[in-house]
Participant: 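First the structure, then my questions, so here it is.
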Amino acid sequence: MKVPKHLAIIMDGNGRWAKERGLPRIAGHYEGVRRAEEVVEACIDLNIKWLTLFAFSTENWKRPEGEVKALMRLLEGYIRQNAKRLTEKGLRVSFVGRRDRLPESLVREMEKVERLRPKQEKLHVILAVDYGGRDEIIRTIRKMIETGSQIDESSFKLLSDFSQIPDPDLLIRTGGERRISNFLLWHLAYTELYFTDTYWPDFRREDLLKAIEDFSRRERKFGAVL
Ligand code: FPP
């Protein structure tokens with residue numbers, strides 16, 4: 001089976017999953033973290049090299065304050081408690097997005113985990129936190145101007161948040177919506193898209209395998225005639 005090297009996921013549907021069970025929305029996010037862990041395990045087994053997860057978008061600040069705070073706490077607590085274990089498992093973890101609006105204590109944990117490097121890297125997990133595709137494009141253009149860089153595609157990539165990381169081969173969005181929602185705009189140019197109605201907290205290993213099977217049947221032409 002042809003497997004993507006870089007998989008990106010929009011983990012949508014946590015709130016609806018929780019609501020259907022009469023639970024607070026944050027309960028859906030907690031369950032979502034478990035699914036993210038399972039997907040990480042599956043990616044290692046499948047020999048996927050990069051996994052990018054959309055954890056918090058530049059627009060998510062518009063959510064109720066209580067949910068935003070709870071999400072920040074969830075992220076910070078998760079990183080603090082699991083950084084060492086994840087590194088020992090062969091994971092490298094890094095973050096893309098803005099850092100200037102996040103709680104300082106969260107930024108400190110992010111920087112700490114980014115400095116850890118596994119002895120033998122099996123999977124590089126990139127968490128998008130306060131990330132927006134348009135915001136990344138503007139930040140990158142600013143860097144291009146500041147450094148007097150050439151204005152071309154490869155210089156853009158090099159100065160972007162995904163400098164050393166190839167474009168995603170496959171994007172999965174769970175939760176029924178069929179849109180990109182300001183995720184990796186630049187890097188998705190030739191990415192295969194896969195949408196499923198399954199809510200993220202219900203997305204299991206079998207669902208991931210189904211998405212990858214679908215991907216493996218696609219013919220990627222990158223604009224050329226084969
Ligand atoms: C979308 O569901 C989900 C989010 C905005 C947050 C997802 C974040 C996580 C699962 C945490 C990831 C953290 C780690 C450490 C892996 P939604 O709230 O938009 O759901 P809805 O569309 O049903 O309202």
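Note that these values count all heavy atoms, side chains included, but never hydrogens, waters or copies made by symmetry. Worth saying up front: this structure is predicted, and the values here are computed from it rather than measured. As the structure lists them, so they are numbered: ligands from 1, and atoms in each ligand from 1.
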Participant: Any chance you could lay out the side-chain contact (heavy atoms from CB on, under 4.5 Å) test for L91 and V40, step after step, and finish with the verdict?
Facilitator: CA-CA 9 Å; L91 288 195; V40 162; 3.7 Å; yes
Participant: Does the side chain of K84 pick up a donor-acceptor pair with the side chain of N82 at under 3.5 Å?
Facilitator: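 Result is no, nothing qualifies.
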Participant: I need the D161 CG to H187 NE2 distance, nearest 0.5 Å.
Facilitator: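 Reported to 0.5 Å precision, the distance equals 6.5 Å.
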Participant: In ligand 1, which numbered atoms sit nearer than 4.0 Å to a non-hydrogen atom of H29?
Facilitator: 3 (C), 4 (C), 6 (C), 10 (C), 18 (O)
Participant: Under the side chain to side chain donor-acceptor pair (under 3.5 Å) criterion, do T196 and T198 qualify, and how do the steps go?
Facilitator: CA-CA 5 Å; T196 169; T198 305; 3.1 Å; yes
Participant: Using a 4.0 Å cut-off to any heavy atom of A36, which atoms of ligand 1 qualify?
Facilitator: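 Those atoms are 16 (C).
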Participant: Less than 6.0 angstrom separating the ring centers of F162 and W50, yes or no?
Facilitator: no
Participant: Of all the atoms in ligand 1, which lie at a distance below 4.0 Å from a heavy atom belonging to Y78?
Facilitator: 15 (C)
Participant: In terms of side-chain geometry, is the basic nitrogen of E136 or R139 positioned less than 4.0 Å from the acidic oxygen of its partner?
Facilitator: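 Looking at R139 together with E136, the answer is no, because their closest N to O distance does not fall below 4.0 Å.
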Participant: Inspect the contact between D169 and K5 and indicate whether a charged nitrogen and a carboxylate oxygen are less than 4.0 angstrom apart.
Facilitator: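 Salt bridge between K5 and D169, a charged N being under 4.0 Å from a carboxylate O: no.
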Participant: Mark the output for R63 as yes if a heavy-atom distance to ligand 1 is under 4.0 Å, and as no if none is.
Facilitator: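 In this structure, R63 qualifies as a contact of ligand 1 - some heavy atom is under 4.0 Å.
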Participant: If you measure every N or O of R25 against every N or O of ligand 1, does any of those distances drop under 3.5 Å?
Facilitator: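 Such a contact does occur with ligand 1.
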Participant: For the pair R218 and D214, evaluate side-chain contact (heavy atoms from CB on, under 4.5 Å) and give the outcome as yes or no after the intermediate values.
Facilitator: CA-CA 7 Å; R218 298 191 192 181; D214 184 289; 2.7 Å; yes
Participant: Under the criterion side chain to side chain donor-acceptor pair (under 3.5 Å), I'd like the reasoning laid out for W200 against D12: C-alpha separation, chi angles, the key distance, then a yes or no.
Facilitator: CA-CA 6 Å; W200 178 249; D12 199 12; over 6 Å; no
Participant: I'd like to check whether N14 has a polar contact with ligand 1, where a contact means an N/O of the residue lying under 3.5 Å from an N/O of the ligand.
Facilitator: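 Between N14 and ligand 1 (N or O atoms, distance only) the closest approach is under 3.5 Å.
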Participant: For atom 9 (C) of ligand 1, which protein heavy atom lies nearest, and how many Å away is it?
Facilitator: M11 CE, 3.9 Å
Participant: Distance to 0.1 Å, residue and atom name: give those for the protein heavy atom nearest to atom 21 (P) of ligand 1.
Facilitator: R16 NE, 3.5 Å
Participant: Starting from atom 6 (C) of ligand 1, locate the nearest protein heavy atom and write down its residue, its atom name and how far away it is, to 0.1 Å.
Facilitator: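 So the nearest neighbour among protein heavy atoms is A55 O, 3.3 Å.
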Participant: What do you reckon, does L127 have a nitrogen or oxygen under 3.5 Å from a nitrogen or oxygen of ligand 1?
Facilitator: no
Participant: Taking atom 17 (P) of ligand 1 as the point of reference, which of D12, I9, L74 owns the nearest heavy atom?
Facilitator: D12
Participant: Give me the nearest non-hydrogen protein atom to atom 11 (C) of ligand 1 as residue plus atom name, then the distance to 0.1 Å.
Facilitator: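 For atom 11 (C) of ligand 1, the nearest protein heavy atom is V33 CG2, 3.8 Å.
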Participant: State plainly whether the residues K69 and E65 are in salt-bridge range, i.e. N to O under 4.0 Å.
Facilitator: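 Yes.
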Participant: Determine, using heavy atoms of G175 and all atoms of ligand 1, whether some pair is separated by less than 4.0 Å.
Facilitator: no
Participant: Under 4.0 Å from a heavy atom of N60: which atoms of ligand 1 are those, numbered in the order shown and with their elements?
Facilitator: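 Going through ligand 1 atom by atom, the ones under 4.0 Å from N60 are 5 (C).
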Participant: Just to confirm my output: which protein heavy-atom neighbour is closest to atom 13 (C) of ligand 1, and how far is it?
Facilitator: L75 CD2, 3.8 Å
